[in-house]
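Below is one structure, written out as structure tokens; the observations come after it.
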Number of protein chains: 2
Amino acid sequence: MENFLDTISALNDETRVKLIAFLDQHGALCVCDMQSSFGMIQSRLSRHLKILKDGGFLRVDRCGTWAYYSIRSPLDRFRSEALAEIRCLGIELPPLKKLSETGDCKL
Amino acid sequence: MENFLDTISALNDETRVKLIAFLDQHGALCVCDMQSSFGMIQSRLSRHLKILKDGGFLRVDRCGTWAYYSIRSPLDRFRSEALAEIRCLGIELPPLKKLSETGDCKL
DNA sequence: CTTCAATATCAAGATATATTGATTTATTGA
DNA sequence: TCAATAAATCAATATATCTTGATATTGAAG
């Protein structure tokens with residue numbers, strides 16, 4: 001029940017649904033790229049990403065000081081269905097701004 | 001997006017997940033039966049049932065002053081998956097107390 | 001038409017979640 | 001070792017959701 005509610009509450013926020021859609025569209029992204037793309041302050045983004053990770057939707061790969069988030073794979077059946085549902089919503093997403101590429105860390 | 005979040009937030013509450021499981025197990029029940037089974041005050045139950053109905057999970061059939069709630073059928077794909085997930089949770093539910101059967105309204 | 005019973009709605013307070021800005025941690029490179 | 005940078009965490013406030021008790025609505029029965 002706890003685990004189910006973690007999964008559900010991870011989805012229960014517009015910002016987080018958009019983040020899932022964005023990562024689904026662009027693959028692995030680091031926090032600062034999402035930050036610049038969404039125009040969102042870092043602490044807010046970091047908190048939402050943690051909730052999505054704890055909810056079983058995302059994985060993190062660290063490369064030095066950078067943290068690359070991506071959709072966890074494979075997703076279990078229910079989370080896959082949730083992702084499929086999100087894909088069908090036709091959410092408008094901001095253009096990707098890859099700030100990290102002016103840096104030098106390669107994933 | 002709105003519709004999706006209504007669906008998700010309907011699931012985002014332990015009481016409501018239990019109500020879905022209870023109705024899934026017992027079929028159509030009127031409010032007072034759930035009220036006595038769960039030992040929950042009427043206004044609280046009524047509110048949760050409304051949220052589940054608006055979220056697309058339940059239907060209501062009225063018979064005089066009685067309101068019988070049941071799992072809506074057919075559920076769309078995502079909601080079916082959610083129900084399947086809930087069935088797997090092994091939630092402990094209270095025994096059914098059919099207060100309504102001491103009355104005289106037959107569904 | 002009045003009363004009663006089942007349910008729905010409303011207003012207030014309690015609890016949980018989200019947002020912000022500041023601080024902390026961890027890693028890199030000088 | 002020290003400074004700089006990316007990210008995480010914390011504390012305070014803002015916002016949303018849940019719970020309760022009171023009141024309103026609806027239909028049935030006298």
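Quick note on labels: first sequence line is chain A, next is B, and so on, each numbered from 1.
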How many Å lie between [atom1] on [X] and [atom2] on [N], as a whole number?
{"X": "M34(B)", "N": "dA6(C)", "atom1": "CE", "atom2": "P", "result": "14 Å"}
{"X": "K50(A)", "N": "dT25(C)", "atom1": "NZ", "atom2": "P", "result": "16 Å"}
{"X": "M40(A)", "N": "dA18(C)", "atom1": "CE", "atom2": "P", "result": "13 Å"}
{"X": "L19(B)", "N": "dC18(D)", "atom1": "CG", "atom2": "C1'", "result": "14 Å"}
{"X": "L52(A)", "N": "dA8(D)", "atom1": "CG", "atom2": "C1'", "result": "16 Å"}
{"X": "D61(A)", "N": "dA6(D)", "atom1": "CG", "atom2": "C1'", "result": "16 Å"}
{"X": "K53(A)", "N": "dA7(D)", "atom1": "NZ", "atom2": "C1'", "result": "12 Å"}
{"X": "D33(A)", "N": "dA6(D)", "atom1": "CG", "atom2": "P", "result": "10 Å"}

Next on the checklist: Please pick, from dA6(C), dA8(D), dA18(C), the nucleotide with the shortest atom-to-atom distance to any side-chain atom of I51(A).
Outcome noted: dA18(C)
Next on the checklist: For R44(B) and T15(B), which I'm curious about, is there any donor-acceptor pair between the side chains at under 3.5 Å?
Outcome noted: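 Note: R44(B) and T15(B) side chains meet the donor-acceptor criterion.
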Next on the checklist: Near DNA chain C, counting only heavy atoms under 4.0 Å, which residues of residues 41-49 of chain B show up?
Outcome noted: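 Those residues are Q42(B), S43(B), S46(B).
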Next on the checklist: Near DNA chain C, counting only heavy atoms under 4.0 Å, which residues of residues 8-16 of chain B show up?
Outcome noted: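 Correct list: empty, so none.
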According to side-chain contact (heavy atoms from CB on, under 4.5 Å), who are the partners of [X], at least two apart in sequence or on a separate chain?
{"X": "T65(A)", "result": "none"}
{"X": "D24(A)", "result": "I71(A), L83(A), R87(A)"}
{"X": "R62(B)", "result": "V60(B), A67(B)"}
{"X": "E85(B)", "result": "F4(A), F78(A)"}

Checklist entry - Partners of N12(B) by side chain to side chain donor-acceptor pair (under 3.5 Å), sequence neighbours excluded? => result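 Residues passing side chain to side chain donor-acceptor pair (under 3.5 Å) with N12(B): none at all.
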Checklist entry - Partners of K97(A) by side chain to side chain donor-acceptor pair (under 3.5 Å), sequence neighbours excluded? => result none
Item to check | K18(A) vs E14(A), salt bridge (charged side-chain N to carboxylate O under 4.0 Å, His left out): CA-CA, chis, key distance, verdict | outcome: CA-CA 6 Å; K18(A) 284 185 184 166; E14(A) 187 167 343; 3.6 Å; yes
Checklist entry - Are Y68(B) and dT7(C) close enough that a side-chain N or O sits under 4.0 Å from OP1 or OP2? => result no
Next on the checklist: I want to check one thing: is the phosphate of dA8(C), taken as OP1 and OP2, less than 4.0 Å away from some side-chain N or O of Y69(B)?
Outcome noted: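 Yes, such a contact exists.
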Item to check | Under the salt bridge (Lys or Arg N to Asp or Glu O under 4.0 Å) test, residues paired with R47(A) that sit two or more places apart | outcome: none
